[in-house]
Every structure is written in C-alpha cells, then in structure tokens.
Amino acid sequence: MATANTPPPHLVFQKLLNLLDDMRRECVHNVSAGQLKKMLGLTMRQGSAISQLKLMLADQPEGVPLKALAARMQMSVPATSLLVEGMVRKGFFERHPNPADRRSVLLVLSERGMSMFHEVYGYFRDMLDAAAADITPQEMAALDSVVRKLERRQAGK
C-alpha cells in the first residue's frame, strides 16, 4: 500500500523491471566476441529457455517437466515441445524419464547447456552482484523475503 512517502507498488515494480531490462541490454552489448558468437547460434527464445530451465532446476534438481517449462515461458505445450526438441538436437538439453509419470519426461541442462549458461549469463550475474554492492545484508534479506512472498502468491494462482 502506498503512503505519502512511498510510491504505489506497481511503480516500484515497473522501476525494477526497467532497471533489470537496462542491465540485461548492457550485458548483451558488453559480452566478448567469443560469447557473442555462441549466443548468435541461439534465438532469444532458446536463450531464455536455457536461463529459465537453469532457474527452475535450482528448486527441482531432478528435472523439470515440459508443462512446467511451458508455463514458466508462457508458451503452449506443443510450442515448448518443439523448442525443447531443437535444444536437445543442439545438445543444450537432455530428457530423462519421469519416475512419477511414465508418459512425461524431465528436462535438465546438458553439460553444454550448463556451460553456455555460466559463460554467457555469468557477466549478467557479475553485473547484478556489483550493482548490489551498496545493499546491506539486511536489505538483501528483506528483498529476498519480498521476492519469495511474490513467488508464493504467484504459485497460488
């Protein structure tokens, strides 16, 4: 809730989104020639798929169901299936049987996919870490708490 001293939440979130978008664009412009060459072999959607799968694997290290990746990327399951097929062919993703559901598979990053993530997205991570240099541990803990609360609310939809 906004008060006389604080802006409404939607403005704060918009500022944060704009800042992160600006940082992401700066990161893309500052990557090395080798990193850029690797990135040029991927579409934006494929690069996003690597990033999203990596993030999801933090909570689901055994693998991510196709439907979950589709939902995260806001794509249909058939479109995500085609995307994943291309990523498997290029050697970035691996499929593993889902022990909980024989009809589905779990997706993980291959060694190549993990390497691509760390090499290309490492610069962005370093940029974010540098940007947070003036944030106290207490402020970071408060931000983490807010993010987790928003994730729980979103997951409950």
Side-chain angles (χ1 to χ4, degrees), residues 9-10 12-25 27-28 31 34-132 135 137-157:
H10 70 275
V12 174
F13 290 140
Q14 189 60 52
K15 285 180 184 180
L16 181 59
L17 286 172
N18 290 342
L19 176 64
L20 292 172
D21 278 346
D22 289 346
M23 293 173 81
R24 183 187 50 80
R25 276 191 289 277
C27 175
V28 169
V31 296
Q35 290 169 324
L36 186 59
K37 184 177 179 183
K38 285 186 176 186
M39 288 172 58
L40 291 176
L42 297 175
T43 66
M44 290 298 286
R45 182 79 69 180
Q46 289 170 332
S48 178
I50 289 173
S51 179
Q52 292 303 319
L53 184 56
K54 172 67 170 122
L55 291 171
M56 295 174 80
L57 286 168
D59 293 330
Q60 303 170 71
E62 70 285 351
V64 174
L66 178 72
K67 286 182 181 181
L69 181 61
R72 180 72 166 263
M73 295 189 65
Q74 299 179 344
M75 294 173 58
S76 69
V77 172
T80 305
S81 182
L82 289 173
L83 174 71
V84 166
E85 180 60 34
M87 298 303 283
V88 169
R89 271 196 317 265
K90 289 184 177 196
F92 293 109
F93 286 7
E94 294 176 357
R95 293 188 195 102
H96 296 283
N98 185 344
D101 181 357
R102 292 182 329 170
R103 297 170 297 155
S104 73
V105 295
L106 297 176
L107 304 170
V108 296
L109 287 175
S110 66
E111 284 187 37
R112 182 177 187 206
M114 192 67 77
S115 174
M116 171 69 81
F117 177 84
H118 287 296
E119 185 173 338
V120 174
Y121 296 99
Y123 181 79
F124 185 57
R125 182 198 60 236
D126 293 346
M127 180 186 287
L128 290 172
D129 287 347
I135 297 175
Q138 295 81 8
E139 290 169 329
M140 189 55 69
L143 178 59
D144 183 56
S145 176
V146 169
V147 169
R148 288 178 187 274
K149 188 177 281 188
L150 292 170
E151 285 175 331
R152 286 191 302 272
R153 181 178 177 88
Q154 188 67 21
K157 282 186 169 184

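Predicted model, so just to flag it, every value in this text is computed and none were measured.
Heavy-atom neighbours of R125 CZ from other residues, nucleotides or ligands within 6.0 Å: above the threshold of 12.
Applying the side-chain hydrogen bond (donor to acceptor under 3.5 Å, both in side chains) rule to D126 yields no partners; only residues at least two apart in sequence or on another chain are considered. Taking the side chain to side chain contact (heavy atoms under 4.5 Å, CB included) definition, one finds that L16 meets it with L20, sequence neighbours left out. Considering only residues two or more places apart in sequence or on other chains, E94 meets the side chain to side chain contact (heavy atoms under 4.5 Å, CB included) condition with H96, V108, S110. In terms of the side-chain hydrogen bond (donor to acceptor under 3.5 Å, both in side chains) criterion, residue partners of R148 (sequence neighbours excluded) are, by chain and number, D144. Remark: A131 engages M23 in a side chain to side chain contact (heavy atoms under 4.5 Å, CB included) (not counting sequence neighbours). In this structure, the salt bridge (Lys or Arg N to Asp or Glu O under 4.0 Å) partners of D101, at least two apart in sequence or on a different chain, are R103. Applying the salt bridge (Lys or Arg N to Asp or Glu O under 4.0 Å) test to D129 and every residue at least two apart in sequence or in another chain returns nothing. Contacts of E139 classified as side-chain hydrogen bond (donor to acceptor under 3.5 Å, both in side chains), with partners at least two apart in sequence or in another chain: T136.
Here the side chains of F117 and L53 are not in contact, with every heavy-atom distance at 4.5 Å or above. Counting heavy atoms from C-beta outward, R152 and K149 have side chains that approach closer than 4.5 Å. You'll find the side chain of P65 stays beyond 4.5 Å of the side chain of L107, heavy atoms only. Counting heavy atoms from C-beta on, the side chains of M116 and R112 never come closer than 4.5 Å. The closest side-chain heavy-atom distance from L69 to F93 is below 4.5 Å. Residues I50 and Q46 form no side-chain contact, since every pair of their non-hydrogen atoms from C-beta on lies 4.5 Å or further apart. Residues R102 and P97 form no side-chain contact, since every pair of their non-hydrogen atoms from C-beta on lies 4.5 Å or further apart.
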- [ ] Please lay out, stage by stage, how H10 and Q14 fare under the test side chain to side chain contact (heavy atoms under 4.5 Å, CB included).
- [x] CA-CA 6 Å; H10 70 275; Q14 189 60 52; over 6 Å; no

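Here the shortest heavy-atom pairing between G63 and L57 reads CA-CD2, 3.8 Å. Of all the heavy atoms in M140 and A132, the pair that sits closest is CE-CB, 3.8 Å.
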Using atom types as modelled, flag every donor-acceptor pair under 3.5 Å from a side chain in residues 75-87 to any protein atom, sequence neighbours excluded.
| residue | atom | partner | partner atom | Å |
| --- | --- | --- | --- | --- |
| S76 | OG | A79 | N | 3.1 |
| T80 | OG1 | S76 | O | 2.8 |
| E85 | OE1 | R95 | NH2 | 2.4 |

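Listed by first then second residue, pairs satisfying side chain to side chain donor-acceptor pair (under 3.5 Å) with a partner in residues 51-72 read Q52-R72, not counting sequence neighbours.
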